[in-house]
Amino acid sequence: MKKLFNFSLIIVTATLLMTACGGSGKSRSLIESVSSFLNGNETIIGFGSARMNDILEKTGYQQEAKIKAFLNEPLGQLKGSVNLDAPVYFAIEGPIVDGNPTATYLFIEVKSADSLKANLTKNGFEVKKGGDFEYAGEGDMNIAFDEGIAIVLIKPNVSDAKTALTEVRKKTQGDVSTGYIADILSKKEDIVYGASLANLYGTSNTDLEDLSADKQKELRAMLQNSYIESGLKFENGAIVLETKNHFSEALKSKLFLNKDSGAKILSNLGNGKPRVGISLNIDTKKLQEFLDEYAPNALQDLSDDIGGPFAMAMMVANNDISKLIDGRIGALVLGDAAQVVEGMTPDFNFYVGLSGQGKNFGQTIKDAISSDFQVVNLTDSGIAGFSSSAYAGKGITLPEGAENFGKDAFNMFIDLSDVNLDEFQLEGGAKMVELVKYISVYYNNEGGKLIIKAKDGKENALKQLFNKALKAFEDEIAI
């Protein structure tokens, strides 16, 4: 039973990580407690919420008798003790070491402290008194709770759980956060995540520490009150991840991402209907200025790693990328998807915009690829290559989901609408791709969006994934 109860807590934790106190908690709401914990807490690099019950309902697990029977007991215990209809909030403490956060905190609204205590005790936990709260723990996980809030602390090597949990609870009783933190906490997507750029920088150990003291001070000031907000939604026929950049004016002024409402790069990418595409629109002059200020060795290191013609061109350009390329780059994959199954290389078109001293660099590229590309066009403004002359004309027909290709700083799409994925003989988790109609991504200075569109546009995408995964698991067991 202890393992079963542990599993129910793992469900909560795993869903959050994907994707990841003085007085009594009943004196204020859950969101106020979390908001207070985050206020002025410079070690928290990320925070957010997950609507656990909504997510579970969208899987449609109740329609699967075996899964419903398996989850009924642990979920029943949880729902009798805590309010899973309310968001479960979380916070992640930096720095990240070997891919793991220093600590993870979960904040859950309590329905009945007596019920939670009984369930913990029933499942083998020793519940202890901590003053005005009770607590229990095992391994890296400790939980403190009262009649209002349960706080789960996941952190290795906690020698004094009572003291650690007391300190966490104290932080939930101060002044609440305002501004972007409050806004992000109030969002209602299935999973919400906010990243603090100031705290990420403050807790990280990177080459930025090699900057002068003045530059580090300038960078810290620029990152203050700057956040990236992300919201994940499981919709009928689609999974949507949307990000919004909440940056300081100083940081905005340094950004080097461009837009092109006319998508001019398309006129340089040939003809045909592509299956995969990727494009960049970068202000290379501003990029160079940014690197000169905050990463002066980055391009030299890149040149050393790549070597060859690129290193030579960068040396001639005095390590100034803006003298070689103008920031417009695009590539398309065209032709029959069956080519991949049959071991053939699909057709490929590309374009790189050149500037200033870039034509000599372009000539070097042309010389290197001419044997593999049937057509290579080099001008003062760019180089374009076409693996097949059949796609070297004019007139790209973009597939559904790629309507904005080439218009943002970064665009990407993958069109699987008419691909027979059975021919690929996918196995395990890779079979989830069979559900996908297309994938579309864009990103610019304001933020971006990832859309995974399902071929079935009526049923919730999470339910489709759940059913597909369940079928794959059943097939594997049957083998």
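Not measured: the values here are computed from a predicted model.
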> Can you find a pair of side-chain heavy atoms, one from Leu219 and one from Tyr294, that are under 4.5 Å apart?
Replying inline: yes
> Going by the side chain to side chain donor-acceptor pair (under 3.5 Å) test, which pairs reach into residues 402-411, not counting sequence neighbours?
Replying inline: Asp408-Asn411, Asp408-Asn444
>> Applying ring-ring contact (aromatic ring centres under 6.0 Å, His included) to Phe413 and Tyr438, what does each step give before you reach the verdict?
In response: CA-CA 7 Å; Phe413 67 85; Tyr438 68 77; 9.3 Å; no
>> Is the shortest side-chain heavy-atom distance between Leu450 and Ile439 below 4.5 Å?
In response: yes
> When you measure from the side chain of Thr102 to the backbone N and O of Pro95, does any donor-acceptor pair fall under 3.5 Å?
Replying inline: yes
> So which heavy atom on Ile282 is nearest to which on Leu257, and how close?
Replying inline: CD1-CD2, 3.7 Å
> Considering only heavy atoms from C-beta outward, does the side chain of Lys449 approach that of Val240 to under 4.5 Å?
Replying inline: yes
>> Atom NZ of residue position Lys285 - does it have more than 12 heavy atoms of other residues, nucleotides or ligands inside 6.0 Å?
In response: no
> Below 4.0 angstrom, N of the basic side chain to O of the carboxylate: do Asp190 and Lys58 qualify?
Replying inline: yes
>> Whether Lys254 and Glu293 form a salt bridge (side-chain N of Lys/Arg under 4.0 Å from carboxylate O of Asp/Glu) is what I want to check.
In response: yes
>> Can you tell whether the side chains of Glu249 and Lys252 come within less than 4.0 Å, N to carboxylate O?
In response: yes
> Take atom CG in Asp175; do more than 12 heavy atoms of anything else shown fall under 6.0 Å from it?
Replying inline: no
> Is there a side-chain contact between Phe90 and Tyr193 (heavy atoms, below 4.5 Å)?
Replying inline: yes
>> Determine whether a donor-acceptor pair (N or O, by modelled atom type, separation under 3.5 Å) exists between the side chain of Ser248 and the backbone of Met222.
In response: yes
> Any side-chain heavy atom of Leu334 sitting closer than 4.5 Å to one from Asn349?
Replying inline: yes
>> Does atom NZ (Lys215) have a neighbourhood of more than 12 heavy atoms from anything else shown, all under 6.0 Å?
In response: yes
> Given the rule in the side-chain hydrogen bond (donor to acceptor under 3.5 Å, both in side chains) test, do Asp85 and Asn53 qualify, once you have shown the distances and angles that lead to the verdict?
Replying inline: CA-CA 6 Å; Asp85 289 325; Asn53 199 54; 3.0 Å; yes
> Under 3.5 Å, is there a donor-acceptor pair linking the side chains of Asp304 and Gln300?
Replying inline: yes
> Is there a side-chain contact between Leu185 and Phe47, using heavy atoms and a 4.5 Å cut-off?
Replying inline: yes
>> Quick check against the 3.5 Å criterion: does Ser177 have a side-chain atom that pairs as donor or acceptor with the backbone of Ala182?
In response: no
> Just by distance, with hydrogens left out, do Thr43 and Asn41 show a side-chain donor and acceptor under 3.5 Å apart?
Replying inline: yes
>> Between Lys359 and Asp380, does any NZ, NE, NH1 or NH2 come within less than 4.0 Å of an OD or OE carboxylate oxygen?
In response: yes
> Does Leu153 reach the side chain of Leu165, with side-chain heavy atoms less than 4.5 Å apart?
Replying inline: yes
> Where the side chain of Gln464 meets the backbone of Thr59, is there a donor-acceptor pair that is under 3.5 Å apart?
Replying inline: no
> Just wondering, more than 12 heavy atoms not from Lys117 lying within 6.0 Å of its NZ?
Replying inline: no
>> Before you tell me yes or no, could you show the steps for Glu446 and Asn245 under side-chain hydrogen bond (donor to acceptor under 3.5 Å, both in side chains), namely the whole-Å CA-CA distance, both residues' side-chain angles and the distance that decides it to 0.1 Å?
In response: CA-CA 5 Å; Glu446 290 75 43; Asn245 296 334; over 6 Å; no
>> Let's go through Tyr105 and Glu93 carefully: what are the C-alpha distance in whole Å and the side-chain angles of both, what is the deciding distance for side-chain hydrogen bond (donor to acceptor under 3.5 Å, both in side chains) to 0.1 Å, and is it a yes or a no?
In response: CA-CA 8 Å; Tyr105 305 85; Glu93 182 178 313; 2.5 Å; yes
>> Ring-plane angle category for Tyr180 and His246, please: parallel below 30°, perpendicular beyond 60°, tilted otherwise.
In response: parallel
> Less than 4.0 Å between a side-chain N and a carboxylate O, is that true for Lys187 and Glu229?
Replying inline: yes
>> Set out, in order, the CA-CA distance, both residues' side-chain angles and the distance that settles side-chain hydrogen bond (donor to acceptor under 3.5 Å, both in side chains) for Gln357 and Asp320, then state yes or no.
In response: CA-CA 10 Å; Gln357 303 171 22; Asp320 186 340; over 6 Å; no
> Are Arg51 and Glu189 side-chain neighbours, meaning at least one heavy-atom pair lies under 4.5 Å?
Replying inline: no
> How are the rings of Phe350 and Phe373 set to each other: parallel, tilted or perpendicular (split at 30° and 60°)?
Replying inline: perpendicular
> Is the side chain of Asn460 donor-acceptor paired with the backbone N or O of Phe234 at a distance under 3.5 Å, no angle test?
Replying inline: yes
> Is a side-chain N or O of Thr163 found less than 3.5 angstrom from the main chain of Asp160, in a donor-acceptor match?
Replying inline: no
>> Parallel, tilted or perpendicular: which one describes the rings of Tyr135 and Phe133, with boundaries at 30° and 60°?
In response: tilted
